[in-house]
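Below is one structure, written out as structure tokens; comments come after it.
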Amino acid sequence: MDASIVIISLPAIFRGIGLDPLAAGNIGYLLWMILGYLLVSAVLVVVLGRLGDMFGRVRIYNLGFLVFACASVALSLDPFRAGAGALWLILWRVVQAFGGSMLTANSAAILTDAFPARQRGMALGVNQITALAGQFLGLLAGGLLAAVDWRAVFWVSVPISVTGTIWSYLSLRETASGVRGRVDWLGNITFATGAGVLLAGITYGIQPYGGHPTGWTNPWVLAGLTGGVLLLLVFCLVETRVAEPMFRLSLFTVRSFAAGNLAALLTAIARGGLQFMLIIWLQGIWLPLHGYDFEDTPLWAGIFMLPLTLGFLIAGPLSGYLSDRFGSRLFSTAGLIVVAGSFLGLLALPVNFDYDTFAALLLLNGLGQGMFSAPNTSSIMGSVPPRYRGVASGMRSTFQNSGTALSIGVFFSLMVSGLAASLPSALRTGLQAHGVPAATAHEAAGLPPVSTLFATFLGDNPIGHLLGAGTLGHLSASRQATLTGHTFFPELVSGPFHHGLTIVFGVAAAMALISALASALRGGHDRPDDDSPKEAPAASEDAATASKGAPVDVSKGAPGGGSATGRAQRRTSSSP
């Protein structure tokens with residue numbers, strides 16, 4: 001809820017601190033408000049999942065709620081304005097992300113510990129539904145609260161996080177004993193630094209540099225990408241040499257674990273591109289063409305995207321329940337094929353589409369994602385020994401969060417590059433045709449296309465932002481009304497934008513199909529026995545079992561069947 005409520009409320013937040021996020025030099029504040037939380041989560045979840053394995057998953061989870069509550073209070077008490085106010089918000093969003101990472105890194109592991117294998121898909125499906133429901137509530141609450149006061153956007157999360165803190169401390173109990181060990185400091189440092197530098201480089205690659213519409217030629221961006229990859233390679237080398245690594249590379253010998261995470265990464269990239277492109281499509285073109293004011297488009301975009309959420313809510317728990325009986329591969333693979341088909345359907349739509357068709361495609365996409373998510377998570381978490389579930393949950397979250405961050409960098413760059421080829425000339429010609437002086441039209445057309453995209457994303461009229469009150473004041477009332485009305489900008493940008501959409505949805509469909517192939521290669525279904533968290537096989541036994549394509553049977557304490565208690569508790573149902 002907190003993630004989506006901030007995104008939808010960004011215009012009110014920046015107005016509240018007196019800062020224009022689209023002015024030269026301020027786009028960085030906007031990017032870090034959007035991506036800072038996500039980048040920190042992607043970097044820290046593995047570390048915090050490993051700490052959960054060592055010191056107790058419930059303990060780390062409860063502490064995460066407390067940190068999140070304190071950061072929520074600090075966000076609502078921002079004492080500064082302009083750039084200093086934005087830095088305060090970004091800083092405390094980072095602290096909030098630290099607390100949120102404690103929650104996401106251990107939640108799937110706690111559920112996997114608590115539920116037997118025959119109910120695990122259902123449990124994880126319900127967990128994902130609550131997260132998605134929170135995202136939708138955040139869109140509605142953000143649109144309503146931002147109209148009252150921007151600080152209310154942060155205050156609303158305070159009672160929720162405080163209640164969650166008290167509830168979790170009172171109700172949750174450890175069901176798996178922590179395995180104490182040494183902290184892999186070198187692994188932690190190289191991973192956090194490498195992943196952080198790499199994702200930060202991708203983030204700054206969206207911003208213009210020199211005469212280029214994007215920053216991929218910026219030496220600092222190139223250095224960040226190169227340095228991040230090198231540090232991650234060093235991290236992989238370190239993890240093969242230390243006795244107790246943070247990142248269990250041996251888990252990738254488990255075919256279900258490796259294939260499931262690859263599919264999750266590619267799906268997250270495709271899904272992230274879908275969400276941001278749909279928001280810009282609705283807010284910048286479709287809603288204004290249908291009479292909605294730009295200031296109202298963020299809230300209405302969330303409402304018109306409801307079929308996507310509805311599809312997920314329907315398919316998530318159902319596919320999780322069915323996957324407990326029939327296996328994960330069938331549902332996760334079929335779901336990704338459905339997702340790819342919906343992308344191809346969106347690819348064929350005109351810019352000014354018929355909403356019924358659009359809603360049907362969004363519903364189809366949500367159903368496909370719901371069919372994939374819960375079975376895939378259940379497959380990943382059920383394939384590892386109990387003592388490694390915390391780090392496995394963190395690794396899974398890292399792939400998902402990194403995929404979303406990558407998607408923003410990749411798809412925004414594709415869209416900006418497409419707009420840069422045709423938008424400036426179309427904008428310059430259109431402005432001059434409506435009485436804007438040639439010099440002013442040329443200057444407005446020369447501004448980075450990313451500013452135009454972010455203006456629509458924030459629910460701001462791009463033409464009004466590009467020209468300013470001074471230029472508009474010298475035009476006649478009729479021309480002012482035309483330029484800042486509902487149709488001038490959407491009709492101007494529809495051609496270049498559709499070209500960019502074709503590239504974005506084409507790439508997303510290809511990624512979904514590759515994800516489906518990875519999912520299909522996870523191995524056949526073998527109904528696992530109920531887990532006994534007291535014992536776990538050695539890593540070498542895990543790898544030997546997993547290399548054959550079957551999930552690891554963690555109920556066996558040793559070769560030959562394990563303890564007598566474990567044999568007595570083991571189910572006798574045969575695996576198909």
Item to check | Set of residues satisfying side-chain hydrogen bond (donor to acceptor under 3.5 Å, both in side chains) with respect to Thr377, sequence neighbours excluded | outcome: Gln128
Checklist outcome for this item: Here the side chain to side chain donor-acceptor pair (under 3.5 Å) pairs for residues 139-154, sequence neighbours left out, are none
Next on the checklist: Suppose we screen for side chain to side chain contact (heavy atoms under 4.5 Å, CB included). Which residues come up paired with Asn261, at least two apart in sequence or across chains?
Outcome noted: Phe257, Ile380, Arg396, Phe399
Next on the checklist: I need the Phe353 CZ to Leu346 CG distance, nearest 0.5 Å.
Outcome noted: 9.0 Å
Item to check | Output field: ring centroids Phe304/Trp286 closer than 6.0 Å | outcome: yes
Next on the checklist: According to side chain to side chain contact (heavy atoms under 4.5 Å, CB included), who are the partners of Val351, at least two apart in sequence or on a separate chain?
Outcome noted: Trp281, Ile285, Ser494, His498
Checklist entry - Quick one: ring-ring contact (aromatic ring centres under 6.0 Å, His included) partners of Phe331, sequence neighbours excluded? => result none
Checklist entry - Is the shortest heavy-atom distance from the side chain of Ser76 to the side chain of Trp92 under 4.5 Å? => result no
Checklist entry - Are there more than 12 heavy atoms of other residues, nucleotides or ligands under 6.0 Å from atom CZ of Phe98? => result no
Checklist entry - Hey, are Ser72 and Gln96 close enough side-chain-wise for a donor-acceptor pair under 3.5 Å? => result yes
For residues 335-342, please give each side-chain donor-acceptor pair under 3.5 Å, one per line with the distance, not counting sequence neighbours.
{"from": "Ser342", "atom 1": "OG", "to": "Val339", "atom 2": "O", "distance (Å)": "2.6"}
{"from": "Ser342", "atom 1": "OG", "to": "Asn365", "atom 2": "ND2", "distance (Å)": "2.7"}

Checklist outcome for this item: Thr429 meets the side chain to side chain contact (heavy atoms under 4.5 Å, CB included) criterion, sequence neighbours left out, with none
Next on the checklist: Test of understanding: with side chain to side chain contact (heavy atoms under 4.5 Å, CB included), list the residues that count as partners of Phe80, not counting sequence neighbours.
Outcome noted: Asp78, Ala84, Trp88
Item to check | Under the side-chain hydrogen bond (donor to acceptor under 3.5 Å, both in side chains) test, residues paired with Ser373 that sit two or more places apart | outcome: none
Item to check | Residues in ring-ring contact (aromatic ring centres under 6.0 Å, His included) contact with His442, at least two apart in sequence or another chain | outcome: none
Item to check | Pairs flagged by salt bridge (Lys or Arg N to Asp or Glu O under 4.0 Å) wherever residues 91-103 is involved - sequence neighbours left out | outcome: Asp2-Arg93
Next on the checklist: Tell me which pairs pass side chain to side chain donor-acceptor pair (under 3.5 Å) where either residue lies in residues 29-40, with sequence neighbours left out.
Outcome noted: Trp32-Tyr204
